[in-house]
Amino acid sequence: MASDTWRFFRAGGFDQVRLETGAELAALGSLDPKLWVALSCPTRGIEFDSGTIDLIDTDGDGHIRAQEIIEAGQWAAGLLNDPEWLVRGTDTLPLSAIEGDILGAAKHILKALGKAEAGEISLSDCVAMREIFAGLPFNGDGIVPPEAAKSESQRQTMQDILDSMEEKNDPPGISQAMIDTFFAEIAAYASWIKAADSAPEILPLAENTEQAAQSWLMLKDKAEDYFRRCRIAEYEPRAALLVNRPEQDFIALASRDLSHADEDIAAFPIAAAAANKPLPLMEAVNPLWMEAASRFHDFAVLPLLGEQASLTERQWRFIASKLQPYENWQSGKPAVSIEKLGKERILALASGDEKSGLDALVMQDMALEPEMKAIASVEKLLRYCRDLSNLANNFVSFRDFYTRRGKAIFQAGTLYLDGRSCELCVSVDDVAKHAALATLSRICLVYCECRRGAEKMTIAAAFTAGDSDQLMTGRNGVFYDRKGLDWDASIIRIIEHPISIGQAFMAPYKTIGKMVGEQIQKIAASRSRAVQESTAKSIIESGKAESKQAFDVGKFAGIFAAIGLAVGAIGTALASVVTGLLGLKFWQLPFALLFLTMAVSGPSMLIAWLKLRQRNLGPILDANGWAINSRAKINIPFGTSLTEMAKLPEGSQRALTDPYAEQKRTWVWYVLAILAGCAALAWVYRH
């Protein structure tokens, strides 16, 4: 399809491409990317089949990009004799619609399912075949379960691999990579073991060498420290006392509870040092090192030197020379996970030929890989026929959202709250992060935490009709997700923006009314405090505590006077306005009232109108990981349709009698009539 044959429709203040034919989906590569509504969207957090979206996400990075949709359309169209199957939304295809090698795979699936005579194949057929195939020992996925072993020995080796390797498969099985890693570790560890057998000096005490070496290493640093102190004392006799701990350290210890091991005591030398003094092993040893010295005596000194109560430095060096090769050998031990199998099992596996047998099993499984891929390709084609058009019309264009044919893939459900239903709701992971960008949408957003049993989710709902007077943190509603499940919703955050022109019109009057009410309350409260203070003072001074006098109505005359002053001031202001209006000619009155109304509400309405014209869907989706490529506006009429107000159904019968309605106050009408008469007399008098 040439680029000049594309068809567009205008919605949201910009042109969007019409994708209604399979040929248009197949030719998306020729559409200028600047005309795409979105260039990227996340694979999660949207209402779309995860199996299909993961197939389209060929690089597995968790995002769908334009090129991946282009390639999906081209691949699917190339396997169909009529690309119109891509826009029919069906997951069933007649075999006559499939072309190429994949047709043979489709027939093989039907034959394996006992439907060899069927003329069409469905997605459910592919899923059933995949599940059957996956349950077979050999299925082309490169994973061989222990059940596929040809002997008990082979099965045991496979189990050893599964127990040793960190890589896990579901269902359990071994791969070629696991086999290679396992036997590489076996070879390395066996070579390390054999090094000790070929060098007798590594194991001077045979199987007891390990215990001897461990006891020597435990004492090594303290013994070296001891002999250095002795050499210093030999070098300088005056240092004999200084190389040991001073008396003050022992005095400090004496004031403490020494019933438990103490790091301070352990830091003392293993024994008192002196010139040419051997290292004691049985007596006069630091109490916290006595056990280590005894183990060293039993496991190393006795086998190598015989019974010795102490060691000279030369004897210490001799033992070290015998055990150092073992320590060097130990430091070269390979870091492998197969050590848990034990020396005998490792050497047996290293000398055997189990690897070649396991390699053959994997090769046998991989021989079926083409068949497995063919089955997967048929499933992929059917998924694309069912879902690709839907994705394109929620990515390349926002047809579903702007035409209201159905919910867009980014719409999570509907929120019912404050007598309204909000259809523009999106899932949110991080409220603070989302709100930082979403506020640029100029849309009033209400963030709700939704709960259903132990499950929790967070949504952002757009309020685009009505007002925000009763929207406040803590209010509760009900959220219905795309599956029709209901969630308890509670407001946790609100982004304030104008909702409607009507709200802006009433805002100044509500502000004035609130201000007047607050001022009257302040004046009344102030006067009440003054009366209470005066009353309390008079009671204290007179010494009389007569309750009737304390609460006499006359004491509170000032309160009513204050309220009267406030009301009088308001009345005076209103009288001035009315007098000014009465000074006008009859035909001028409507224009004056209109001017007065616009003077009060006009600025608020103008600001709201300008902001409502700037409402943009883009920042809301960008905050969720989308890359919106256009200014997806939400104008006033369209926004009003996204939030429905409560209204009675057509044809409903309504009883207007309210048994709990407030009683009518006829005196109000009398007052209004008197005021109207006075106004009429004033007007006649002036003219």
Point to revise | Neighbour count above 12 (heavy atom, 6.0 Å) for Lys322 NZ | key: no

Practice item. Determine the minimum heavy-atom distance between Arg229 and Ala273, stating which atoms define it. Key: CB-CB, 3.6 Å

Check your understanding: Between Phe268 and Asp249, does a side chain to side chain contact (heavy atoms under 4.5 Å, CB included) hold up when you go through it step by step?
Key -> CA-CA 10 Å; Phe268 279 40; Asp249 290 350; 3.8 Å; yes

Study note, to complete from the structure: Tightest non-hydrogen contact, residues Pro280 and Ala284, listed as CG-O, 3.9 Å

Review point. Are any non-hydrogen side-chain atoms of Trp289 and Lys222 less than 4.5 angstrom apart?
Key: yes

Review point. Given the rule in the side chain to side chain donor-acceptor pair (under 3.5 Å) test, do His63 and Glu68 qualify, once you have shown the distances and angles that lead to the verdict?
Key: CA-CA 10 Å; His63 275 78; Glu68 290 173 322; over 6 Å; no

Point to revise | Salt-bridge present (Asp481, Arg452; N to O < 4.0 Å) | key: no

Review point. So does Lys168 have more than 12 non-hydrogen atoms from other groups sitting under 6.0 Å from NZ?
Key: yes

Review point. Is Arg345 salt-bridged to Glu339, going by a charged N under 4.0 Å from an acidic O?
Key: no

Review point. For Tyr384 and Trp75, what are the C-alpha separation, side-chain angles and deciding distance, and is it a ring pair (Phe, Tyr, Trp, His ring centres under 6.0 Å)?
Key: CA-CA 10 Å; Tyr384 283 8; Trp75 178 85; 5.7 Å; yes

Practice item. Flag the pair Asp141 / Phe133 as yes when at least one side-chain heavy-atom distance between them is below 4.5 Å, and no otherwise. Key: no

Check your understanding: Quick one: are Phe182 and Leu358 in side-chain contact, heavy atoms under 4.5 Å?
Key -> no

Practice item. Give a yes-or-no answer on whether the side chains of Asp359 and Ser356 include a donor-acceptor pair shorter than 3.5 Å. Key: no

Exercise for review: To the nearest 0.5 Å, tell me how far Gln74 CD sits from Leu25 CG.
Suggested key: 11.0 Å

Review point. Where the side chain of Asp622 meets the backbone of Ile628, is there a donor-acceptor pair that is under 3.5 Å apart?
Key: yes

Check your understanding: Listed by chain and number, what are the salt bridge (charged side-chain N to carboxylate O under 4.0 Å, His left out) partners of Glu369, not counting sequence neighbours?
Key -> Lys373

Practice item. Before accepting this row, confirm whether a basic side-chain N of the pair Arg231/Glu313 lies closer than 4.0 Å to the acidic partner's carboxylate O. Key: yes

**Study point:** CG (Asp180) with more than 12 external heavy atoms under 6.0 Å
**Key:** yes

Review point. Between Cys450 and Met457, is any pair of side-chain heavy atoms under 4.5 Å apart?
Key: yes

Revision key, fill the gap. On a heavy-atom basis, the closest approach of Ala105 and Ala374 is CB-CB, 3.4 Å

Exercise for review: For Asp429, look at atom CG and say whether over 12 heavy atoms of other residues, nucleotides or ligands are found less than 6.0 Å away.
Suggested key: no

Review point. Are Glu47 and Gln411 close enough that some pair of their side-chain heavy atoms sits under 4.5 Å apart?
Key: no

Point to revise | Ser164 side chain to Ile161 backbone, donor-acceptor under 3.5 Å | key: no

Review point. Would you call Asp91 and Arg383 a salt bridge, using N to O less than 4.0 angstrom?
Key: no

**Study point:** Heavy-atom neighbours of Arg130 CZ exceed 12 at 6.0 Å
**Key:** yes

Practice item. Decide, yes or no, whether a salt bridge links Arg44 with Asp54 under the criterion of side-chain N to carboxylate O below 4.0 Å. Key: yes

Review point. Mind checking whether Ser389 and Asn393 have side chains closer than 4.5 Å, heavy atoms only?
Key: yes

Check your understanding: Which value, rounded to the nearest 0.5 Å, describes the distance between Trp487 atom CH2 and Lys456 atom NZ?
Key -> 11.0 Å

Exercise for review: Quick one: do Thr157 and Asp160 satisfy side chain to side chain donor-acceptor pair (under 3.5 Å)? Show the steps, please.
Suggested key: CA-CA 5 Å; Thr157 302; Asp160 288 340; 5.1 Å; no

Review point. Does CD belonging to Glu344 count more than 12 external heavy atoms closer than 6.0 Å?
Key: no

Practice item. Please lay out, stage by stage, how Asp387 and Phe48 fare under the test side chain to side chain contact (heavy atoms under 4.5 Å, CB included). Key: CA-CA 8 Å; Asp387 299 330; Phe48 198 81; 3.6 Å; yes

Practice item. Scan side-chain atoms only and decide if Glu71 and Thr58 contain a donor-acceptor pair under the 3.5 Å cut-off. Key: no

Point to revise | Heavy-atom closest contact (Met165 atom, Ser337 atom, distance) | key: CE-OG, 3.3 Å

Point to revise | Side chains of Thr92 and Leu123 in contact at under 4.5 Å (non-hydrogen atoms) | key: no

Practice item. Would you give the length of the straight line joining atom CG of Leu323 to atom CD1 of Ile202, rounded to the nearest 0.5 angstrom? Key: 12.5 Å

Check your understanding: Does Pro269 offer a backbone N or O that forms a donor-acceptor pair with the side chain of Asn286 under 3.5 Å?
Key -> yes

Review point. Around Lys355, counting heavy atoms of other residues, nucleotides and ligands shown, do more than 12 lie under 6.0 Å from its NZ?
Key: yes

Revision key, fill the gap. Heavy-atom closest pair (Ile143 atom, Ser175 atom, distance to 0.1 Å) is CD1-CB, 3.7 Å

Check your understanding: Is a side-chain donor or acceptor of Asn624 paired with a backbone partner of Ser427 at a separation under 3.5 angstrom?
Key -> yes

Point to revise | Side-chain donor/acceptor of Ser191 to backbone N/O of Ala188, under 3.5 Å | key: no

Review point. Is the backbone of Ser153 close enough, under 3.5 Å, to the side chain of Gln156 for a donor and an acceptor to pair up by distance?
Key: no

Point to revise | Parallel, tilted or perpendicular, as decided by the 30° and 60° cut-offs, for the rings of Trp216 and Trp316 | key: tilted

Exercise for review: State the OG-CG distance between Ser96 and Asn81, to the nearest 0.5 angstrom.
Suggested key: 6.5 Å

**Study point:** Whether Ser351 side chain and Ala348 backbone form a donor-acceptor pair below 3.5 Å
**Key:** yes

Practice item. Find the distance between SG (Cys41) and CG (Leu391) and round it off to the nearest 0.5 Å. Key: 6.0 Å

Review point. Does Met290 offer a backbone N or O that forms a donor-acceptor pair with the side chain of Ser294 under 3.5 Å?
Key: no

Practice item. Taking all non-hydrogen atoms of both residues into account, name the closest pair between Gln308 and Leu311 and its distance. Key: CB-CD2, 4.3 Å

Practice item. If the plane angle is over 60° it's perpendicular, under 30° parallel, otherwise tilted; pick one for His434 and Tyr447. Key: perpendicular

**Study point:** Straight-line distance of Trp192 CH2 to Lys333 NZ, nearest 0.5 Å
**Key:** 5.0 Å

Practice item. Could you check whether the rings of Phe395 and Trp626 sit parallel, tilted or perpendicular, using 30° and 60° as the cut-offs? Key: tilted

Practice item. Measure from the side-chain N and O atoms of Asp365 to the backbone N and O of Gly142, and report whether any donor-acceptor pair falls under 3.5 Å. Key: yes

**Study point:** Non-hydrogen side-chain atoms of Lys115 and Ile121 separated by less than 4.5 Å
**Key:** no

Review point. Can you list the steps and then say if Arg386 with Thr90 is a side chain to side chain contact (heavy atoms under 4.5 Å, CB included)?
Key: CA-CA 5 Å; Arg386 184 191 66 182; Thr90 178; over 6 Å; no

Exercise for review: Apply side chain to side chain contact (heavy atoms under 4.5 Å, CB included) to the pair Leu103 and Leu95, showing each step before the final yes or no.
Suggested key: CA-CA 7 Å; Leu103 176 59; Leu95 296 179; 4.1 Å; yes

Check your understanding: Does the Tyr326 side chain pair with the main chain of Leu205, one donor and one acceptor, at a distance under 3.5 Å?
Key -> no

